[in-house]
Amino acid sequence: METLEQRQSTIQNDRSQQRAKISFPEEIIEEILSRLPVKSILRFKSVCKPWRSLISNPSFTKLHSTRAAVNHRTALFISAHDPSTRKRYFLSAAHDGGSLTHLITLDNIPTRCDITESQHLNGLVLFNYGDGYQNYAFVVNPSTHKVLKLPNPANYATRKTDICYFFGFDESRNEHKVLNITITTHDVPSVKPVIEIMIFSLSNYSWRKIDVEFPLVVSQFRWCYGLKRSVCVNSVIHLMLVNQKELLAFDLRTEKFSIVKICSDAVPHRIICNRPHLIKVDGLLGVVCHDQMMTNNDVYVWILQDYENGVWVRETITFPKSWSVFGCAFPLDSANMEEIIFSLNKESKNVTGVLMYNMKSGCFKSVQLTLDNHPFLCKEHVQFQQIKWYVESMVPL
């Protein structure tokens, strides 16, 4: 005679068999999971071994990133610094603002440091800083809250060394890379600076030195200026030069340098106080010019519409009021063709405002970021310094 426990066990086995019979094909499961936010996918990795294996597959990561980009599943990446505690915070927020989410805290940041950040690429953000003697670089995935500190390159050495990092994506290899340019100067003026080029691959986590020559025109003056900002478009990293009529371009596929001419109208007449600024708009290279902004409240964004033939197209952003009323906000980044994000403006102790411009409608809007749920931040001293869009991604670090 069958006992109650045996009958319950039989019923459970029958149910398990029924579930097995109605299970979905792996292609359907992949199709469903690839459309979900990263936060949900990370939870579903623990459902069963087949799901974990599926989600961990590089092909799934690529599919999810593609879907996220097409659906404009974007969010905000923010860097904040507290000089009173010498801490730096990496934070994130939803596309439409709200409470900030804490990602990571860096301790013992030098009071004086040259902050440089490169753009987001396929869900990853490169952030680096230095004080003239030490330089550090981090690759951050805001979606998974993972951070990778890059090892120092072999040329990391002396007090006479200027080390810069620039982020890129090699589409031919489907691979994130970091370009390192190191300039070592000498006390003797007649001795030319030594320039070394290295590339870090996020596929094998190692540095590799390459022998490559700068274009002749670059050797006549300092190759880089000011903020050392870069923009990567079509596997090519672009940098501003002291001569603001040209860009220095490094192709990650061929590992060669070249020069890209800037539209003459994009170069301000008063170069000392008005510098052109690189930006990426809807996957295209752009240069922001604000030469006459103080008089007519216009910002010009010159977009390289045809890269091969050097065709630049101008987009005009007009402020409804004086530029100073908007805190001298400056275009920083674009998630897609429709929206451009401007610099941060601290409105109160708990609220920081972000100005956004819709290029399709020609309208501005203000998004507010709140600090209410972050007791570890000293709200009186915290300084918001960098803000970027990023696309949700499962790319591992």
Centroid-centroid distance, Y307 to H238, less than 6.0 Å: yes
Where V38 and T144 come nearest, the two heavy atoms and their spacing: CG1-CG2, 4.0 Å
Between F257 and F250, ring centroids under 6.0 Å: yes
Pairing residues for S59 by the side-chain contact (heavy atoms from CB on, under 4.5 Å) criterion, not counting sequence neighbours: E30, N57
Pair H120-D333, side-chain donor/acceptor within less than 3.5 Å: yes
Any side-chain heavy-atom pair of F166 and N180 under 4.5 Å: no
Verdict with reasoning, K365 to E339, per salt bridge (charged side-chain N to carboxylate O under 4.0 Å, His left out): CA-CA 10 Å; K365 70 176 181 180; E339 284 190 310; 3.3 Å; yes
Heavy-atom pair with the smallest gap, counting every atom of T370 and S99: OG1-CA, 3.2 Å
Aromatic plane relationship, H95 with W389 - under 30° parallel, 30 to 60° tilted, over 60° perpendicular: parallel
More than 12 heavy atoms from other groups under 6.0 Å of CZ on R173: no
hydrophobic_cluster_shared for L248 and V212, side chain cutoff 4.5 Å: yes
Stepwise side-chain contact (heavy atoms from CB on, under 4.5 Å) check, S92 with F77: CA-CA 5 Å; S92 66; F77 174 83; 5.6 Å; no
Between S143 and E392: side-chain donor-acceptor atoms closer than 3.5 Å: no
Atom pair CG/CG of L150 and L126 - distance to nearest 0.5 Å: 7.0 Å
Side-chain touch F90/P142, heavy atoms, less than 4.5 angstrom: no
Minimum side-chain heavy-atom gap T61-L63 below 4.5 Å: no
Single-linkage hydrophobic cluster, 4.5 Å side-chain cutoff, M394 and I32 together: yes
With R52 via salt bridge (Lys or Arg N to Asp or Glu O under 4.0 Å) - residues at least two apart: none
N-O pairing of K256 and D251 below 4.0 Å: no
Heavy-atom side-chain contact between Y205 and F200 under 4.5 Å: yes
Any side-chain heavy-atom pair of H145 and I104 under 4.5 Å: no
Salt-bridge present (R67, E31; N to O < 4.0 Å): yes
Within-4.5 Å side-chain heavy-atom neighbours: I199 and V178: no
Plane angle bin for F319 and F342 - parallel if under 30°, tilted between 30 and 60°, otherwise perpendicular: perpendicular
Over 12 foreign heavy atoms within 6.0 Å of CD, E171: yes
Contact check, side chains of S393 and N122, non-hydrogen atoms, under 4.5 Å: no
Where V395 and S65 come nearest, the two heavy atoms and their spacing: CG2-OG, 4.4 Å
Atom pair CG (D170) and CG (L121), whose distance is rounded to the nearest 0.5 Å: 11.5 Å
Single-linkage hydrophobic cluster, 4.5 Å side-chain cutoff, L239 and I210 together: yes
Reported CD-to-CD1 distance for the pair E213 and I197, which is rounded to 0.5 angstrom: 10.5 Å
V236 reachable from V311 in the ILVMFWY side-chain graph, under 4.5 Å edges: no
Nearest heavy-atom neighbours spanning P331 and I279: CB-CD1, 4.1 Å
Sequence neighbours excluded, every pair satisfying salt bridge (Lys or Arg N to Asp or Glu O under 4.0 Å) that has a member inside residues 40-49: none
Cluster link F60 to I28, ILVMFWY, side chain under 4.5 Å: yes
Derivation of the side-chain contact (heavy atoms from CB on, under 4.5 Å) call for Y89 and I78: CA-CA 8 Å; Y89 303 97; I78 302 104; over 6 Å; no
Derivation and outcome, side-chain contact (heavy atoms from CB on, under 4.5 Å), residues W312 and V287: CA-CA 10 Å; W312 294 81; V287 175; 3.8 Å; yes
Minimum heavy-atom distance W207-P151, with the two atoms named: NE1-O, 2.7 Å
NE2-CD1 distance between H64 and I55, expressed to the nearest 0.5 angstrom: 9.5 Å
Residue pair L369 / A93: nearest heavy atoms and the distance that separates them: CD2-CB, 3.7 Å
Interatomic distance, D306 atom CG to N309 atom CG [nearest 0.5 angstrom]: 4.0 Å
Steps toward side-chain contact (heavy atoms from CB on, under 4.5 Å) verdict (L76, K388): CA-CA 6 Å; L76 300 172; K388 287 287 184 180; over 6 Å; no
Side-chain heavy-atom pair E246, V260 within 4.5 angstrom cut-off: no
C232 side, atom SG; F167 side, atom CZ - distance, nearest 0.5 Å: 9.0 Å
R88 and S79: side chain donor to acceptor below 3.5 Å: yes
CG (D211) with more than 12 external heavy atoms under 6.0 Å: no
